[in-house]
Amino acid sequence: MTTIKLHNTKTRKREVFTPIDDQNVRMYVCGPTVYDRAHLGNARPVIVFDVLNRLLRHVYGEDHVTYVRNFTDVDDKINARAAESGRTIGEITDETTQWFLDDMAAVGALEPDHMPRATAYIPQMVEMIEGLIAKSHAYAAEGHVLFAVESYKKYGALSGRSIDDMIAGARVEVAPYKRNPMDFVLWKPSDVATPGWDSPWGRGRPGWHIECSAMAYELLGAHFDIHGGGNDLMFPHHENEIAQSCCAHPESEFANVWMHNEMLQVEGKKMSKSLGNFFTVRDLLDQGVPGEVIRFVMLSTHYRKPMDWTEKKREEAEKTLEKWYFRLAEAGYSSDMVKMLIAENRWKPAEEVISALRDDLNTHGAITALRKLTSVGTAVSISEFAASLDFLNLVGDWDQLALKAGIGVTSVGDNESNSVIANALLNRQQAKKSKNFQEADRIREMLEDAGVKVIDGAGGTSSFELGSDFEPAKLDALK
RNA sequence: GGCGAGUUGGCGGAGUGGUUACGCAGCGGAUUGCAAAUCCGUGUACAGGAGUUCGAUUCUCCUACUCGCCUCCA
C-alpha cells in the first residue's frame with residue numbers, strides 16, 4: 001500500500017496518513033478574504049495544497065477526494081473597501097473572487113471540488129452558534145455572541161498555548177461584555193449601513209472563524225482528514241475553529257491532520273507595503289513572469305520552511321524550465337502526443353517524484369528527481385519526466401514548448417521579424433563562408449542587441465531564439 | 001513577555017547515526033573561427049558548547065543569532 005506521510009501540527013510529528021474513509025478523503029483549506037488582488041504570499045498555500053490534492057487523487061483515485069476551499073466574502077475589510085470606494089460589497093467580492101480564480105489558474109492550481117462562499121452559509125452559522133449557546137459554550141451579550149474559551153479545556157492545544165499564557169501577553173481586545181478577555185466573537189451587531197442578517201440576537205453578521213467551521217461541517221462533515229492553511233492562521237483562526245467545531249459536535253474530532261505552510265518573504269524580508277516589496281501574483285504575471293516559473297519557485301522550497309522569493313531564484317527557475325521545455329520540444333512532445341500516451345496508458349509520473357511527494361510533500365525532492373531524469377535522458381525516462389512535469393503541472397501549454405524554451409519564432413506569428421532575422425542570418429553565413437568573421441560577428445551582435453540569440457549548429461547552419469527582451473523595432477537597423 | 005520554526009559548502013537548498021545530495025556560480029578540460037549552447041571533470045559544508053554513542057551534521061540539553069505568530073495579512 002502506498003503510504004503518505006504528513007507533518008501534523010497537532011502532534012508536531014510526521015505521521016503516516018490514514019484516511020477516515022479511503023473512498024472519500026476530505027480536505028479543507030482556508031481560502032482568501034475577497035477584498036483585493038491575491039498577493040504572492042496568498043499563492044503559497046494554494047500551490048502547496050494543490051500539489052497535495054493532486055497527490056491524494058493519484059493515490060486514492062480521482063473520484064475519492066473531496067477538496068474544499070472557501071471564499072470569505074463577509075468581513076469588515078470588505079465593508080471598509082466598499083465604504084471608501086463607493087461600490088457595493090457584492091461588486092467587490094464578485095470581482096475579487098474572479099481575480100483570485102484567474103490568478104491561481106495562472107499558477108497552475110486546479111479548482112477545488114467545492115468553493116463555498118461564506119454568505120451562502122449564514123443560516124448554518126446561526127444554527128451552529130445557537131447550538132453552542134445551548135451547550136453553554138457561548139453566550140449572548142449586548143448584541144454580540146461570544147465563545148467562552150474556558151468552556152473548552154483543550155483551547156490552545158494546536159498552537160501550544162494556555163489561556164493563562166495568552167492573557168499574560170495580552171494583546172486582546174478588552175470589551176466589558178467579555179467574560180474572559182480571550183473570548184472571541186461569533187456574531188456581532190450591524191448598524192444600518194453595514195451588511196447584516198436577521199438572527200436570534202438581532203440584525204448582525206458573523207465574526208471571523210465561524211464561517212470555516214460551518215462550511216467544513218456542511219461539506220465535509222464533523223470529522224474529516226486534513227485541514228490546511230498558512231501558519232499565521234494557526235492562532236487564533238484555527239484554534240478558534242477547533243474550539244467551535246469540537247464543542248458544537250463533541251462526538252467528533254474535527255480535522256485529524258493539521259497542515260500549515262510557512263510564510264513567504266521577499267529578498268529576505270517580510271513582504272509588506274511599508275518596505276515597498278509588496279506585490280501581487282498579477283503584478284508578476286504582468287511583468288512577464290510565467291505562472292509556471294512562479295509555481296516552480298514555490299515548489300523549490302519545502303512548504304514548512306520560510307520561502308524567500310528572490311530575483312535570482314526567478315531567473316534560475318526560468319533557466320531550468322527553459323532547458324526542460326527544450327528537452328521536451330526536442331523529443332517531439334505536444335498535446336496530441338500527450339493524449340496519445342494517456343490513451344496508451346503510458347502517462348505515468350516517475351516513482352521517484354511521487355515518493356518524494358509522499359514524504360510530507362517534499363516538492364524540492366521531486367524537482368531533484370526530475371533533474372536526475374533529465375540527466376539520464378533515455379527514451380523511457382523522458383516519458384516519465386514529461387508525465388512527472390505534467391503531474392506537478394509545470395508545463396502550461398504542451399503546444400508551446402518550443403516557444404517557451406525561447407526557440408521557434410514561427411509560432412510567434414510576426415512574419416516580418418522572422419524574415420528580417422532570416423535574411424540577416426543568411427548574410428552572416430555568407431560572411432562566415434568568405435572568412436569575414438568581423439562582419440559575421442557584427443550581425444550577431446546586432447541581432448543580440450535586439451534580443452535575438454544566434455546559435456551556430458554543426459555544418460555551418462544557424463538557428464536563433466527570441467529572448468524575453470526581444471525588441472522587433474531594433475531589427476530595423478538590419479534591413 | 002508568551003508560543004513556534006530555523007541556523008548546512010560562494011549562493012540557493014535537500015537529507016542522513018557511519019558510505020557526506022542536487023542546482024547555480026567558480027575552476028580545469030573537450031568542442032567551437034570567436035561567442036553561445038552542450039559534454040566531461042572538480043567542492044568532505046553542516047552556528048557554538050556539553051552530553052548519549054564504538055561513531056553525530058543527524059539524538060538530548062544549554063547558549064547565541066535569525067525569522068514568524070500573539071495586531072480578524074495565507
Side-chain angles (χ1 to χ4, degrees), chain A residues 7 9 12 29-33 35-36 38-49 69 72 75-78 156 158-173 182 184-185 188 206-209 211 228-240 260-265 268-273 278 297 300-308 310 312-313 315-317 319-320 323 326 356 359 362-372 375 377 406-407 431-433 435-438 440-441 444-445 448 453-458 460 462-465:
Chain A
H7 181 90
T9 307
R12 316 234 176 248
V29 174
C30 289
T33 298
Y35 68 103
D36 207 350
H39 64 247
L40 190 61
N42 295 121
R44 171 114 108 140
V46 173
I47 292 171
V48 164
F49 291 105
R69 188 185 62 216
T72 296
D75 184 277
D76 286 348
K77 284 198 296 283
I78 302 171
L158 180 72
S159 53
R161 310 152 194 244
S162 70
I163 294 173
D164 291 344
D165 284 344
M166 289 185 280
I167 293 172
R171 273 207 248 175
V172 292
E173 186 192 351
M182 294 307 296
F184 57 91
V185 172
K188 52 188 165 186
W208 191 37
H209 319 305
E211 83 281 18
N231 77 352
D232 57 333
L233 293 179
M234 211 161 103
F235 185 89
H237 185 57
H238 290 160
E239 202 71 73
N240 293 354
H260 293 97
N261 62 277
E262 250 292 350
M263 298 291 98
L264 176 124
Q265 303 181 331
K269 299 212 169 88
K270 180 179 174 168
M271 182 164 81
S272 74
K273 285 175 180 163
F278 182 96
V297 173
S300 65
T301 298
H302 186 84
Y303 76 94
R304 284 192 296 109
K305 289 209 169 182
M307 137 103 228
D308 194 11
T310 63
K312 193 176 172 210
K313 280 188 189 169
E315 282 168 17
E316 284 187 10
K319 267 164 72 179
T320 301
K323 201 161 103 183
F326 183 76
D359 185 15
N362 188 348
T363 50
H364 187 276
I367 288 174
T368 300
L370 285 170
R371 290 190 201 283
K372 286 186 181 151
S375 64
I407 326 159
K432 278 172 73 177
K433 240 180 215 167
K435 302 276 181 200
N436 187 353
F437 296 122
Q438 207 178 357
D441 289 351
R444 182 174 62 205
E445 277 160 26
E448 291 193 341
K453 188 196 258 182
V454 177
I455 302 160
D456 288 344
S462 293
S463 60
F464 63 96
E465 297 178 359

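Chain letters run A, B, ... following the sequence lines, proteins first and then strands; every chain starts at 1. Worth knowing before you read on, the calculation uses all heavy atoms, side chains too, and leaves out hydrogens, waters and symmetry mates.
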Under 4.0 Å, counting only non-hydrogen atoms across every strand here, what does A:E315 touch: a base, just sugar-phosphate, or nothing?
nothing

Between [N] atom [atom2] and [X] atom [atom1], what is the distance in whole Å?
| X | N | atom1 | atom2 | value |
| --- | --- | --- | --- | --- |
| A:R371 | B:G15 | CZ | C1' | 16 Å |
| A:E262 | B:G6 | CD | P | 9 Å |
| A:L40 | B:A74 | CG | P | 13 Å |
| A:R44 | B:G68 | CZ | P | 14 Å |
| A:K312 | B:G23 | NZ | P | 14 Å |
| A:R304 | B:C69 | CZ | C1' | 17 Å |
| A:H238 | B:C72 | NE2 | C1' | 13 Å |

Take A:M234 and A:H364, find for each the nucleotide of RNA chain B with the closest heavy atom, and name the residue whose nucleotide sits nearer the 5' end.
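Nearest nucleotide further toward 5': that of A:M234.
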
Toward the 5' end of RNA chain B, which comes first, A:K319 or A:K313, by nearest nucleotide?
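The answer here is A:K313.
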
Check A:N362 against A:H302 and note the closest heavy-atom contact, atom names and distance.
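Residues A:N362 and A:H302, closest heavy atoms: CA-ND1, 4.0 Å.
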
A:W208 and A:P236 have their tightest heavy-atom pair at CZ3-CG, 4.3 Å

Find the runs of at least 3 consecutive base pairs, i with j, i+1 with j-1 and so on, that include RNA chain B, using Watson-Crick or G-U wobble geometry with both distances under 3.5 Å.
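Expected stems, ordered by start: B:1-7 with B:64-70, B:10-12 with B:22-24, B:26-30 with B:38-42, B:47-51 with B:59-63.
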
Nucleotide of [options] approaching [X] most closely (side-chain heavy atoms):
| X | options | result |
| --- | --- | --- |
| A:T301 | B:C72, B:G13, B:A74 | B:G13 |
| A:K270 | B:G13, B:G68, B:C34 | B:G68 |
| A:D232 | B:A21, B:C69, B:C24 | B:C69 |
| A:D441 | B:C34, B:A74, B:C72 | B:C34 |
| A:K77 | B:C22, B:C72, B:G68 | B:C72 |
| A:F437 | B:G33, B:A5, B:C22 | B:G33 |
| A:R12 | B:G33, B:C34, B:G4 | B:G4 |

Taking 4.0 Å as the cut-off, does a side-chain nitrogen or oxygen of [X] come that near to OP1 or OP2 on [N]?
| X | N | value |
| --- | --- | --- |
| A:K323 | B:C24 | yes |
| A:N362 | B:G15 | yes |
| A:K305 | B:U7 | yes |

Donor/acceptor link under 3.5 angstrom from [X] side chain onto base of [N]:
| X | N | result |
| --- | --- | --- |
| A:D76 | B:C72 | yes |
| A:H260 | B:A74 | no |
| A:R444 | B:A35 | yes |

What integer number of Å spans the C1' atoms of B:C34 and B:C24?
26 Å

How far does the C1' atom of B:U44 sit from the matching atom of B:G9, given to the nearest Å?
9 Å

